[in-house]
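Heads up, the thing below is written out as structure tokens.
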Amino acid sequence: MSLPTRLALCELVRKASEKLKTPPSAADVKAKGSNDFVTAMDIETQRTVKSMLAGAYPECLFLGEEGEHAKLTDAPTFVLDPIDGTTNFIFGYRLSAISLALCCEKRPIVAVVYNPFTDEMFSAEEGQGSYLGEERITVSTADHLSQVVAGIGTSPYYKEYAEEVMQVAKNLYLSCIDIRRLGSASLDLCYTAAARHGVFVEKLLHVWDYAAGALILTEAGGKITDFSGNPLSFGSSCEIAASNGTLHEALISVLQQRG
Ligand code: IPD
């Protein structure tokens, strides 16, 4: 079976992103859930990437955010979020990415996260490090939360978690230099890999939001678990606590604080 290299997936994603820079018109935006939108471009990008992958790697399975939620098995499977940061895309924030991972035995082995607005291409291959463009990236060397900026996700489609999300945001705000809310979880994980954030947390993410970013982070020297410090299963939606590794214990302590 032929499997892609990191550079082959970078090229494929770059090609698929060519039409992605124009914000959608109102007619192209539809609500698929509470505060959860899909644009014609999400659908078109998923269709384009899926057909490019099927042509080049016909034996691999496919899972995509837009209605193709097959359960991840041990078989080689591409996991795609065609536009991670759809709300940013709709409102012109220029912080959205195509996030693509190849998973084998339920863990990512090749990953690409590409923001066409900034032309930042993050990528990684298991055992071979992480890259921003052609440059190797590594996590922050900070050893105290007070030395870093924390990325936070707000799980906007699950407002039942509002109280906990805001409490965590407050606790990180008090422990760190400041907090940031990018609106694209895959980019948050890459920003942690590239030492922009020291840590990143989000209460509930789906595998297409975090699979690629998780590999890019760990290959850059970082760590990713749930809020209790347990390893991720990649088979399900879960809490995400990500860090440079050194700060992980301190991060988990903040996440365990009640009040
Ligand atoms: C969303 C973004 C956002 C995060 C949400 C995700 P989508 O992905 O990553 O930052 O807070 O939890 O669902 O819906 O734009 O692909």
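In each ligand, atom 1 is the first atom listed, and ligand 1 is the first ligand listed. In what follows, every heavy atom counts, from backbone to side chain, and hydrogens, waters and symmetry copies are set aside.
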Polar-atom distance check: [X] versus ligand 1, any N or O pair below 3.5 Å?
X: G183; answer: yes
X: D84; answer: yes
X: D81; answer: yes
X: T87; answer: no
X: L205; answer: no

Take a 6.0 Å sphere around [atom1] of [X] and say whether it holds more than 12 heavy atoms from other residues, nucleotides or ligands.
X: Q167; atom1: CD; value: yes
X: E59; atom1: CD; value: yes
X: Y173; atom1: OH; value: no

Find out whether T225 and N230 are in side-chain contact, i.e. whether some heavy atom of one side chain is under 4.5 Å from a heavy atom of the other.
no
Would you call Y157 a ligand 1 contact, heavy-atom distance under 4.0 Å?
yes
Say whether R181 and ligand 1 are in contact under the criterion: heavy-atom distance to a ligand atom below 4.0 Å.
yes
Using a 4.0 Å cutoff against the non-hydrogen atoms of [X], which atoms of ligand 1 qualify?
X: E65; value: 14 (O), 16 (O)
X: P156; value: 5 (C), 11 (O), 12 (O)
X: I83; value: 15 (O), 16 (O)
X: T86; value: 15 (O)
X: A185; value: 2 (C), 9 (O), 10 (O)

Which residue and heavy atom of the protein sit nearest atom 6 (C) of ligand 1, plus the separation
D209 OD1, 3.8 Å
Give me the nearest non-hydrogen protein atom to atom 11 (O) of ligand 1 as residue plus atom name, then the distance to 0.1 Å.
E202 OE2, 2.6 Å
Taking all atoms of both residues into account, what is the closest heavy-atom pair of P24 and T39, and its distance?
CG-CG2, 3.9 Å
Salt-bridge test for R14 and D119: reply yes if a basic N is under 4.0 Å from a carboxylate O, no otherwise.
yes
Between the side chains of S130 and R136, does any donor sit under 3.5 Å from an acceptor?
no
Check whether F234 forms a cation-pi arrangement with R107 (NZ or CZ under 6.0 Å from the six-membered ring centre, at most 45° off the ring normal).
no
Take the angle between the ring planes of H197 and F200 and call it parallel below 30°, perpendicular above 60°, tilted in between.
parallel
